[in-house]
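Everything numeric in this text was worked out from a predicted model, so none of it was measured.
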Amino acid sequence: MAAAAEIGSFAAAPALRPAPPTAAAVAAPLQPRRAVAARALRTATTEKVADLTAATNGAVPAVMHSEATTAITSQALDANSRRKTKIVCTIGPSTDTREMIWKLAETGMNVARMNMSHGDHQSHQKVVDLVKEYNAQNPDGNIIAIMLDTKGPEVRSGDVPEPIMLKEGQEFNFTIKRGVSTEDTVSVNYDDFINDVEAGDMLLVDGGMMSLIVKSKTADTVKCEVVDGGELKSRRHLNVRGKSATLPSITEKDWEDIKFGVENGVDFYAVSFVKDARVIHELKDYLKSVNADIHIIPKIESADSIPNLQSIIAASDGAMVARGDLGAELPIEDVPLLQAEIVRTCRSMEKPVIVATNMLESMINHPTPTRAEVSDIAIAVREGADAIMLSGESAHGKYPLKAVKVMHTVALRTESSLYNPTASSGLVAPSQALLNEEFSSSQLSKMFGSHATMMANTLRTPIIVFTQTGSMAVLLSHYRPSSTIFAFTNEERVKQRLALYQGVVPIHMQFSDDAEETFSRAISSLLKAKQVKKGDYVTLVQSGVTSIWRDESTHHIQVRKVEG
């Protein structure tokens with residue numbers, strides 16, 4: 001782009017507020033908006049602030065510091081030394097204490113996940129209270145968001161007094177009669193199990209740890225032959241290869257858990273076994289009726305969800321690639337391709353995406369990961385996932401802190417090879433030409449998000465954005481700038497939610513009526529936290545759907561030198 005090419009030659013000058021257009025720019029007649037989007041931004045001269053100011057009337061003056069290039073490029077390999085990919089940790093018996101939650105947060109946890117398939121409301125209430133206590137004591141530090149993961153319509157085997165050893169070739173039965181547990185028959189918790197399976201179907205236990213082929217069935221029993229044996233314990237998850245259960249996506253238990261989430265103001269729901277967009281709309285309608293501001297992350301894990309992927313994600317606030325059940329209901333060799341497709345779809349819709357399940361499975365029992373697990377994390381980061389998740393590793397594993405540390409270091413190392421704009425394009429989204437004759441506010445925001453990313457990448461500066469809704473911070477995250485996005489917001493709920501987005505560091509701060517005074521306080525807070533230092537340059541963005549200080553039609557991008 002022409003604007004980026006001219007950065008090194010911009011002249012110097014001092015200004016605290018956006019500089020006015022030059023006389024030539026003021027005198028120039030207004031041009032059609034389409035022409036403005038297609039041509040280079042005009043340049044003008046000031047002394048200290050690099051400032052891009054745009055209005056919907058098409059006048060887009062730009063001014064830049066002429067000596068900025070050398071100083072700015074020298075500041076930054078620090079600019080991308082912070083991990084961008086977020087880490088979701090499932091909290092369980094290994095980590096549900098005050099000490100462990102503090103240590104997880106300090107090691108790298110960004111989102112605390114409560115798995116409602118385990119525990120009760122009392123145990124989960126303890127986790128909610130501890131996370132909120134941590135956030136209250138660390139207002140300027142790492143913010144931990146809370147995710148409630150619904151159990152969903154899981155089909156599980158019944159309780160067994162002792163594990164049953166299944167051997168290859170053995171006959172074994174599942175019955176809808178409750179309370180049955182013998183050496184060759186156990187109960188299932190789902191009455192329609194009989195109707196959902198047919199002779200020849202493959203049943204997978206625990207996501208494929210054991211498998212059985214259906215031979216025949218009666219009115220209340222499914223008769224099988226063991227293909228791959230193992231130890232059958234109580235309440236093991238059952239899948240039918242290539243099929244989804246006909247249960248509703250949100251069960252009665254789920255609704256009770258959802259209400260628990262509303263009462264506690266959680267930040268996200270991860271909704272299990274979503275088959276189509278209807279369940280998302282149903283849950284959103286409920287949340288609206290109770291005035292609850294909670295974002296919905298569907299778990300893509302059922303065979304039925306794949307044909308409806310686009311509509312599910314479009315209706316939602318993101319997605320989770322839940323690879324365990326996805327690989328049980330569909331051929332396991334399809335999972336890597338589906339993961340890439342789900343990540344790509346979320347990114348195209350500017351929605352956050354989490355890659356989950358088995359990422360460091362061996363670390364449940366071992367202090368070091370397999371090399372394949374390390375590669376798995378790196379692949380998810382390269383594909384552009386906003387977050388990667390630990391399940392059993394942090395919930396009941398022996399080495400939860402080491403698992404978080406591995407995720408942190410692998411993600412950080414992988415990112416260091418991706419976010420180098422001088423060497424490769426990495427994950428930075430390409431700029432999109434705006435070809436419509438009329439600009440919408442959304443199109444203008446996208447244009448400025450793209451240009452702010454381009455400027456920050458070229459000058460190697462962090463980005464500071466001021467947002468009331470989070471929309472511009474989310475948009476900047478979508479463009480994947482090389483350095484950190486410091487998102488200042490005066491809304492606590494927005495701050496909590498932004499903790500999930502790749503590259504975003506959310507910071508709560510009350511905005512004053514004076515923009516310059518707010519800018520100054522923001523930069524001072526970053527100096528105090530040692531996020532920037534005197535002499536650094538920062539790219540400052542005022543833009544988004546909701547106006548804060550500016551006129552509704554005006555957007556600003558500025559590059560400023562940090563003064564002590």
Side-chain angles (χ1 to χ4, degrees), residues 83 85-138 141-152 154 235 237 253-254 256-272 294-297 299 318 320 322-324 352 354-361 363-365 377 386-408 411 496-497 499-500:
R83 171 175 48 83
T85 309
K86 301 305 179 70
I87 296 175
V88 181
C89 294
T90 305
I91 307 300
S94 295
T95 49
D96 62 356
T97 64
R98 186 180 190 276
E99 178 187 13
M100 284 303 297
I101 285 176
W102 258 247
K103 286 182 177 179
L104 286 172
E106 291 165 0
T107 306
M109 175 174 69
N110 302 106
V111 181
R113 169 181 174 253
M114 299 182 297
N115 185 356
M116 307 307 284
S117 296
H118 304 284
D120 54 22
H121 284 185
Q122 182 177 359
S123 64
H124 293 305
Q125 184 70 58
K126 174 185 174 184
V127 173
V128 170
D129 293 343
L130 286 171
V131 172
K132 288 185 175 181
E133 180 186 349
Y134 173 84
N135 287 336
Q137 292 186 15
N138 296 272
N142 182 29
I143 299 302
I144 308 301
I146 301 173
M147 175 178 288
L148 186 154
D149 194 323
T150 65
K151 180 180 179 182
E154 295 179 323
R235 297 188 299 279
H237 195 190
K253 171 180 166 43
D254 294 336
E256 291 303 312
D257 294 338
I258 286 166
K259 292 173 183 176
F260 171 82
V262 170
E263 292 167 1
N264 283 279
V266 302
D267 303 297
F268 300 98
Y269 288 127
V271 184
S272 296
I294 301 172
H295 277 198
I296 301 171
I297 308 292
K299 295 167 68 176
M320 180 189 294
R323 302 179 301 181
I354 304 165
V355 175
T357 321
N358 302 135
M359 298 210 80
L360 289 172
E361 186 79 2
M363 291 192 73
I364 291 176
N365 294 307
I377 293 171
D386 286 81
I388 46 184
M389 194 174 97
L390 295 171
S391 299
E393 304 95 328
S394 58
H396 57 83
K398 296 178 181 178
Y399 306 98
L401 295 176
K402 287 186 176 181
V404 176
K405 184 65 175 176
V406 167
M407 272 198 161
H408 168 77
Q496 290 291 124
R497 210 152 38 226
L500 180 62

With a 4.5 Å heavy-atom cut-off, do [X] and [Y] have their side chains touching?
X: Ile364; Y: His396; result: yes
X: Ile91; Y: Met109; result: yes
X: Asp120; Y: His124; result: no
X: Met407; Y: Ile388; result: yes
X: Ile87; Y: His408; result: yes

Give, for atom [atom1] of [X] and atom [atom2] of [Y], the distance between the pair rounded to the nearest 0.5 Å.
X: Glu263; Y: Gln125; atom1: CD; atom2: CD; value: 8.5 Å
X: Trp102; Y: Gln137; atom1: CH2; atom2: CD; value: 5.0 Å
X: Leu390; Y: Thr90; atom1: CG; atom2: OG1; value: 7.0 Å
X: Leu130; Y: Glu133; atom1: CG; atom2: CD; value: 6.0 Å

Provide the closest heavy-atom pair for [X] versus [Y] in the form atom of the first, atom of the second, distance.
X: Ile377; Y: Ala411; answer: CG2-N, 4.3 Å
X: Asp96; Y: Lys126; answer: O-CE, 3.0 Å
X: Asp149; Y: Ser272; answer: OD1-OG, 3.3 Å
X: Gln496; Y: Ile144; answer: NE2-O, 3.1 Å

Determine whether a donor-acceptor pair (N or O, by modelled atom type, separation under 3.5 Å) exists between the side chain of [X] and the backbone of [Y].
X: Arg323; Y: Thr357; result: yes
X: Asn110; Y: Lys86; result: no
X: Lys259; Y: Asp254; result: no

Report task. Please indicate whether Lys253 has more than 12 foreign heavy atoms, meaning atoms of other residues, nucleotides or ligands, lying under 6.0 Å from its NZ. Result -> yes
